[in-house]
Participant: 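My structure is below; once you've seen it, I'll send some questions.
Every chain is numbered from 1, with letters handed out A, B, ... down the list of sequences. All values below come from the heavy atoms of this structure, side chains included, with hydrogens, waters and symmetry mates left out.
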Amino acid sequence: MAKDFITRKENYSEWYNELVVRADLAENSSVRGCMVIKPYGYAIWEKMHTLMDNMFKETGHQNAYFPLFIPKSYFEKEAEHVKGFAKECAVVTHHRLRAKPDGSGLEPDPDAKLEEELIVRPTSETIIWDTYRRWIKSYRDLPILCNQWANVVRWEMRTRMFLRTAEFLWQEGHTAHATKDEAEKEAKKMMEVYATFAERYMAMPVVRGVKSENEKFAGAVDTYCIEAMMQDGKALQAGTSHFLGQNFAKAFDVKFLNKDNQLEYAWATSWGSSTRLMGALIMTHSDDNGLVLPPLLAPIEVVMIPIYKTDEEKTMINELAQRLQKELQAKGIKVKYDNDENTKPGWKFNEYEFKGVPVRLTLGARDLKQGLVEVFRRDTLAKENHNVENIVSYVEDLLKDIQQNLYNKALKYRQYNTREVNSWEEFKVEIEKGGFLLCHWDGTTETEEKIKEETKATIRCIALDAKEEEGKCIYSGKPSHRRVIFARNY
RNA sequence: CGGGGUAUAGCGUAGUCCGGUUAUCGCGCCUGCUUUGGGAGCAGGAGGUCGUAAGUUCGAAUCUUACUACCCCGACCA
């Protein structure tokens with residue numbers, strides 16, 4: 001019903017861009033590659049933030065905050081890490097401006113050049129491990145389980161709101177452990193936390209997996225991930241959790257005395273998820289009428305819209321609305337009564353529909369005379385009249401149903417678009433159709449890169465629940481023991 | 001950083017080739033009245049350094065040159 005709104009089929013990426021702007025989630029700022037997250041969009045992120053934060057705390061983590069700036073020398077210490085991030089770092093070189101000699105504005109003061117240049121953090125492993133060196137002396141100091149909510153900067157060539165911006169918001173967990181086993185368990189545990197969050201709150205099914213050598217984090221031994229499928233069949237990495245081995249402990253000389261009084265390097269993990277989740281959320285559920293939000297993340301779960309002609313009707317509806325609002329709020333439901341007289345009901349219908357509000361109650365004078373309200377659910381666009389008497393418990397159940405339905409729908413979509421492919425010829429055809437392709441792969445980086453060059457498809461992950469199965473690599477024909485997931489990705 | 005394109009009101013645009021009144025239209029905005037069951041109607045109104053700078057000309061949104069910004073396609077990436 002949305003006016004002049006492009007459909008997913010017509011142009012998926014334009015649909016996404018327009019949706020983000022028109023649903024009032026975010027807008028491009030005047031700074032290249034950076035976006036403004038608007039109140040409605042931020043309210044969704046805030047919910048994600050709070051829910052995830054609780055999950056981190058339940059698993060024993062504490063929040064802390066580390067500096068935005070990282071001395072260049074710290075950054076250089078872990079070879080793989082530098083290689084991965086150097087190309088996209090913002091660098092601070094001066095600490096003062098001065099008036100230009102010709103009076104035409106400001107310029108960095110040459111006398112205020114920094115002794116050592118500072119990197120704006122693209123991620124915080126280095127500054128954190130430099131700090132951990134001072135915190136860790138004994139096995140009794142371990143584990144350290146910290147998380148930080150922060151902004152990071154990665155100077156991307158091409159950006160898209162939420163999916164890839166030069167600056168973005170995220171959380172990054174950084175833990176230190178006495179044993180390899182404990183660190184590995186931590187990395188897997190946090191992947192599971194992300195997966196649970198995605199499925200339970202975002203209603204977004206994910207594949208739990210491990211990255212190939214080629215795709216893993218710069219500086220990690222293993223990268224675990226959750227991968228989701230968007231409605232255009234492309235994969236989106238929605239969270240990563242890294243087992244870092246002793247790489248950062250060695251680079252920053254973080255040693256502790258174990259129970260046997262011997263010096264050992266500490267074991268590390270790091271794990272992160274970002275405002276990219278907003279993009280994932282949008283592209284998982286939304287349709288050609290705009291945003292669709294799962295109730296558990298919707299800033300407004302229920303909107304009530306009055307329709308009346310006379311003053312008596314208006315008074316009657318206002319009173320009813322206030323009563324319903326209280327009752328719904330008592331059930332913990334976020335409800336908004338929009339009795340703004342400047343806009344007409346039809347305008348409001350479209351507005352809230354576009355913004356993805358899960359349930360709308362139309363309080364119309366005509367229906368109310370028969371004791372009815374109109375209930376509209378955003379996920380199926382279905383409307384029905386319902387008795388006003390038990391509307392509160394009905395809405396409560398309906399919200400649960402919508403949450404579950406969105407998950408089921410997304411899962412069905414993913415299952416339908418996931419298929420086994422057994423030959424290179426077949427692969428080249430199937431990859432054009434999108435979706436996840438389950439294929440045998442010989443385990444080598446060379447093969448992976450050749451496939452990427454020829455088809456733009458990458459190995460999204462090796463699913464943790466992939467079953468053992470003998471087969472031949474679709475590209476090289478060499479033996480393989482399990483299938484991996486190939487897809488084009490965001 | 002390579003290749004292509006665009007720049008006119010808050011947004012989207014006409015006009016540019018072929019220079020000539022007061023720069024077009026829609027949406028949005030403001031005021032008033034009438035309206036209210038799927039983006040209301042009428043009337044009136046406000047809003048512009050035509051990306052920046054220089055040049056050609058009696059006269060430049062329009063022609064020339066330089067610069068800047070943004071978009072698309074590559075290379076790179078959560």
Participant: With P as the reference atom in both, quote the distance from B:U16 to B:A61 in angstrom, rounded to an integer.
Facilitator: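 14 Å, rounded to whole Å.
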Participant: Is it true that the NZ or CZ of A:R360 lies under 6.0 Å from the centre of A:Y352's six-membered ring and within 45 degrees of the ring axis?
Facilitator: no
Participant: Using a heavy-atom cut-off of 4.0 Å across all strands, would you classify A:D367 as base, sugar-phosphate, or nothing?
Facilitator: base
Participant: Any side-chain donor paired with an acceptor under 3.5 Å for A:H61 and A:E186?
Facilitator: yes
Participant: Using the P atom on both, measure B:G3 against B:U22 and round to a whole Å.
Facilitator: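 Their P atoms lie roughly 42 Å apart.
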Participant: Is the shortest distance from a Lys or Arg side-chain nitrogen in A:E227 or A:R460 to a carboxylate oxygen in the other one below 4.0 Å?
Facilitator: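 Salt bridge present between A:E227 and A:R460.
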Participant: What's the CG-P distance between A:D338 and B:G38, to the nearest Å?
Facilitator: 16 Å
Participant: Using atom C1' in both nucleotides, what's the gap between B:A14 and B:U8 to the nearest angstrom?
Facilitator: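 Comparing C1' positions in B:A14 and B:U8 gives a spacing of 10 Å.
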Participant: Answer with base, sugar-phosphate or nothing: what part of the nucleic acid does A:A238 contact at a heavy-atom distance below 4.0 Å?
Facilitator: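 No contact at all - A:A238 keeps every heavy atom at 4.0 Å or more from the nucleic acid.
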Participant: Expressed as a whole number of angstroms, how long is the span from A:E313:CD to B:U35:P?
Facilitator: 14 Å
Participant: What stems show up for RNA chain B when you take Watson-Crick pairs (N1-N3 plus N6-O4 or O6-N4) and G-U wobbles (N1-O2, O6-N3), both under 3.5 Å, and require three or more consecutive pairs?
Facilitator: B:1-7 with B:68-74, B:10-12 with B:25-27, B:29-34 with B:40-45, B:51-55 with B:63-67
Participant: Between A:E167 and A:T159, which has a closest nucleotide on RNA chain B that is more 5'?
Facilitator: A:T159
Participant: Between A:N385 and A:K216, which residue's closest nucleotide on RNA chain B lies nearer the 5′ terminus?
Facilitator: A:N385
Participant: Under 4.0 Å between any heavy atoms, over every strand shown, what does A:F168 touch: base, sugar-phosphate, or nothing? Just pick one.
Facilitator: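 Base: the residue A:F168, judged by heavy atoms under 4.0 Å, touches a nucleobase.
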Participant: Distance between the P atoms of B:C50 and B:U62, in whole angstroms?
Facilitator: 9 Å
Participant: Any donor-acceptor pair under 3.5 Å linking the side-chain atoms of A:E448 with those of A:S212?
Facilitator: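 Yes, because at least one side-chain N or O of A:S212 sits under 3.5 Å from a partner of the opposite role on A:E448.
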Participant: May I ask you to check whether A:Y132 and A:F252 place their ring centers less than 6.0 Å from one another?
Facilitator: no
Participant: Looking at A:K369, does any N or O in its side chain come under 4.0 Å of the phosphate oxygens OP1/OP2 on B:G37?
Facilitator: no
Participant: Show me the pairs that pass ring pair (Phe, Tyr, Trp, His ring centres under 6.0 Å) and involve residues 202-235 of chain A, at least two apart or across chains.
Facilitator: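 Only A:H81-A:F217, A:F85-A:F217, A:F217-A:H242 qualify under ring pair (Phe, Tyr, Trp, His ring centres under 6.0 Å).
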Participant: Over all strands shown, is A:K309 touching base, sugar-phosphate only, or nothing at heavy-atom distances under 4.0 angstrom?
Facilitator: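 Sugar-phosphate: the residue A:K309, judged by heavy atoms under 4.0 Å, touches backbone atoms but no base.
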Participant: Distance between the P atoms of B:C25 and B:C63, in whole angstroms?
Facilitator: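 These two P atoms come out 23 Å apart once rounded.
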Participant: One thing to verify: whether A:K314 and A:E341 come together as a salt bridge, which I'm taking to mean a side-chain N less than 4.0 angstrom from a carboxylate O.
Facilitator: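 Salt bridge: yes.
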Participant: Starting at CZ of A:F376 and ending at P of B:G37, how long is that distance when rounded to a whole Å?
Facilitator: 17 Å
Participant: From the options B:G38, B:A40, B:G74, select the nucleotide whose nearest atom is closest to the side chain of A:F349.
Facilitator: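 For the A:F349 side chain, the nearest candidate turns out to be B:G38.
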Participant: When you compare B:G55 with B:G10, how far apart are their C1' atoms, in angstrom units rounded to a whole number?
Facilitator: 33 Å
Participant: With a non-hydrogen cut-off below 4.0 angstrom, is A:R22 in contact with a base, only sugar-phosphate, or nothing?
Facilitator: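 It contacts base atoms.
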Participant: Measuring from the side chain of A:E156 (C-beta onward, heavy atoms only), which nucleotide among B:C76, B:G37, B:G38 has the closest atom?
Facilitator: B:C76
Participant: Where the side chain of A:M157 is defined as all heavy atoms beyond and including C-beta, which of B:G38, B:C76, B:U36 is the nearest nucleotide?
Facilitator: B:C76
Participant: Show your reasoning for whether side chain to side chain donor-acceptor pair (under 3.5 Å) applies to A:D232 and A:Y490.
Facilitator: CA-CA 11 Å; A:D232 58 352; A:Y490 277 98; 2.6 Å; yes
Participant: Roughly how many Å is it from CG in A:N342 to C1' in B:G32, rounded to a whole number?
Facilitator: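 Rounded to whole Å, this separation is 14 Å.
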Participant: B:C1 phosphate, OP1 or OP2: any side-chain N/O from A:K87 under 4.0 angstrom?
Facilitator: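 For B:C1, OP1/OP2 do not have a side-chain N/O of A:K87 under 4.0 Å.
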Participant: Roughly how many Å apart are B:U68 and B:A53, using the C1' atom of each and rounding to a whole number?
Facilitator: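 That atom pair is separated by 10 Å.
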Participant: Can you measure A:N350 atom CG to B:G37 atom C1' for me and round it to whole angstrom units?
Facilitator: 13 Å
Participant: To the nearest Å, how far apart are A:K348 NZ and B:A40 P?
Facilitator: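 Those two atoms, NZ and P, are 11 Å apart.
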Participant: Tell me: CG of A:L372 to C1' of B:G37, nearest whole Å?
Facilitator: 14 Å
Participant: With a non-hydrogen cut-off below 4.0 angstrom, is A:L236 in contact with a base, only sugar-phosphate, or nothing?
Facilitator: nothing
Participant: Write down the distance between CG (A:D24) and P (B:G39), rounded to a whole number of angstrom.
Facilitator: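 A:D24 atom CG is separated from B:G39 atom P by 21 Å.
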Participant: Measure from the side chain of A:R32, starting at C-beta and using heavy atoms only, and say which of B:C70, B:G39, B:G37 lies closest.
Facilitator: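 Between B:C70, B:G39, B:G37, the one nearest the side chain of A:R32 would be B:C70.
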Participant: Name the nucleic acid region contacted by A:T165, choosing base, sugar-phosphate or nothing; use a 4.0 angstrom heavy-atom cut-off, strictly under.
Facilitator: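 Base, at least one base heavy atom under 4.0 Å.
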Participant: Which is true for A:E351 with a 4.0 Å heavy-atom rule: it touches a base, it touches only sugar-phosphate, or it touches nothing?
Facilitator: base
Participant: Using a strict threshold of under 4.0 Å (side-chain N to carboxylate O), is an ion pair present between A:K369 and A:E313?
Facilitator: yes
Participant: If you look at every strand shown and take non-hydrogen atoms under 4.0 Å, does A:S273 touch a base, only sugar-phosphate, or nothing?
Facilitator: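 Contact class for A:S273: none.
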Participant: Do the two ring centres, one from A:F162 and one from A:W45, sit under 6.0 Å apart?
Facilitator: no
Participant: With heavy atoms under 4.0 Å as the rule, sort A:K314 into base, sugar-phosphate or nothing.
Facilitator: nothing
Participant: Considering only the P atoms, how many Å lie between B:G15 and B:G20, rounded to the nearest integer?
Facilitator: 14 Å
